[in-house]
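The block underneath contains the structure these notes are about, expressed in structure tokens.
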2 protein chains.
Amino acid sequence: MTDHPDERLSRAFAALSDPVRRDIVARLTIGDATVSDLASPYDISLQAVSKHVKVLADAGLVSQRKEAQRRPVHLESQALAAMTGWIERHQQRAEQRMSRLEEVLADLPSSDTTESGADR
Amino acid sequence: MTDHPDERLSRAFAALSDPVRRDIVARLTIGDATVSDLASPYDISLQAVSKHVKVLADAGLVSQRKEAQRRPVHLESQALAAMTGWIERHQQRAEQRMSRLEEVLADLPSSDTTESGADR
DNA sequence: TCCTTATTCAACCTTGAGGTTGAATACGAC
DNA sequence: GTCGTATTCAACCTCAAGGTTGAATAAGGA
């Protein structure tokens with residue numbers, strides 16, 4: 001499924017943008033669960049939940065092994081790590097920049113402190 | 001805009017599920033930028049980029065101040081923190097559980113190690 | 001005042017996401 | 001083999017997402 005790294009990230013974020021899927025992920029932190037297990041709390045059809053699981057699987061966030069007719073779903077926590085990786089890299093960059101900026105501003109002879117398209 | 005915390009998270013994840021918007025976020029870690037600045041690298045229309053910025057803003061990931069006719073966009077890095085917060089909480093939970101499980105398995109008289117809907 | 005620049009609003013098109021229902025499939029139990 | 005259980009496949013519906021173009025708005029500059 002075209003595991004272009006960028007697309008994988010896109011799918012991972014998209015996967016967690018749905019509250020039901022976030023809920024499923026939360027549920028899976030307690031332990032593996034079958035599709036029917038996962039479906040029971042919701043008012044939606046089993047097929048809908050099956051689709052949700054597929055979305056999570058395509059994003060690499062969960063895996064499914066087969067066990068008789070059941071397909072227990074397992075949370076792949078290292079995929080979550082990849083997401084925090086991306087976010088934290090950028091967050092850090094932004095914050096480093098801000099602190100550098102504050103340093104500079106502190107040394108300034110207090111004129112007008114408007115900063116915008118100043119760079120570029 | 002109904003700042004229900006769950007919806008906010010949903011919007012934040014949805015926002016970062018688009019590669020163009022992730023790109024914009026990356027660009028903003030370097031410094032604030034106007035909509036036209038942000039649009040220049042892309043082949044899509046200015047209006048499309050304006051929409052992307054709006055999506056990011058509705059998710060709380062960026063803010064826009066007004067400055068003459070310009071609307072410089074600023075990255076709100078603490079919103080990124082909220083996302084990592086959610087992910088890391090669940091990641092941690094899953095990993096703690098796994099390590100507890102390994103402990104238990106280590107103490108076991110090595111029978112079949114199939115684990116599934118065992119809980120519940 | 002009139003023009004130019006920067007951005008947004010509005011209407012529209014196309015595609016994909018999330019839901020439904022009704023088969024099809026896969027496997028264990030009898 | 002046949003039945004029941006667990007899950008997926010397929011076709012379909014509806015609505016929102018991301019894109020387009022063409023006006024409208026806002027504010028500085030001549």
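Letters A, B, ... mirror the listed sequences (proteins, then strands); counts begin at 1. The figures here come from the full heavy-atom set of this structure, side chains too, leaving out hydrogens, waters and symmetry mates.
- Not counting sequence neighbours, the partners of B:Ser50 by the side chain to side chain contact (heavy atoms under 4.5 Å, CB included) test are B:Val35.
- Residues passing the side-chain hydrogen bond (donor to acceptor under 3.5 Å, both in side chains) test with B:Gln69: none are found, sequence neighbours excluded.
- Listed by chain and number, the residues in a side-chain hydrogen bond (donor to acceptor under 3.5 Å, both in side chains) with A:Ser77 are B:Glu95 (sequence neighbours excluded).
- D:dA6 atom C1' lies 13 Å from atom CG of A:Leu38, rounded to whole Å.
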Dump the intermediate steps for side-chain contact (heavy atoms from CB on, under 4.5 Å) on B:Val73 and B:Asp37, then the final yes or no.
-> CA-CA 10 Å; B:Val73 183; B:Asp37 283 346; over 6 Å; no
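- Regarding A:Arg11, its CZ atom lies at a distance of 10 Å from the P atom of C:dA17, rounded to whole Å.
- What separates CG of B:Asp58 from C1' of D:dA16 is a distance of 14 Å, to the nearest Å.
- Here the P atom of nucleotide D:dA17 and the CG atom of B:Leu16 are 15 Å apart, to the nearest Å.
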Please list, one pair per line, the donor and acceptor atoms closer than 3.5 Å that link side chains of residues 83-90 of chain B to other protein atoms, with sequence neighbours excluded.
from    : atom 1 : to      : atom 2 : distance (Å)
B:Thr84 : OG1    : B:Ala81 : O      : 2.8
B:His90 : ND1    : B:Trp86 : O      : 2.8

Footprint string (nucleotides 18-30 of chain C, 5' to 3'): B base within contact, S backbone only, - free, heavy atoms under 4.0 Å = SBBBB----BS--
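- Distance CD (B:Glu67) to P (C:dA6): 13 Å, rounded to an integer number of Å.
- At the phosphate of C:dA6, neither OP1 nor OP2 sits under 4.0 Å from any side-chain N or O atom of B:Thr34.
- Rounded to an integer number of Å, the gap from B:Lys54 NZ to D:dG18 P is 13 Å.
- When the salt bridge (charged side-chain N to carboxylate O under 4.0 Å, His left out) test is applied to A:Arg22, the partners found at least two apart in sequence or on another chain are B:Asp6.
- Put simply, CZ on B:Phe13 is 18 Å from P on C:dA17, counting in whole angstrom units.
- Straight-line distance from the CG atom of B:Asp32 to the P atom of C:dA6: 17 Å, rounded to whole Å.
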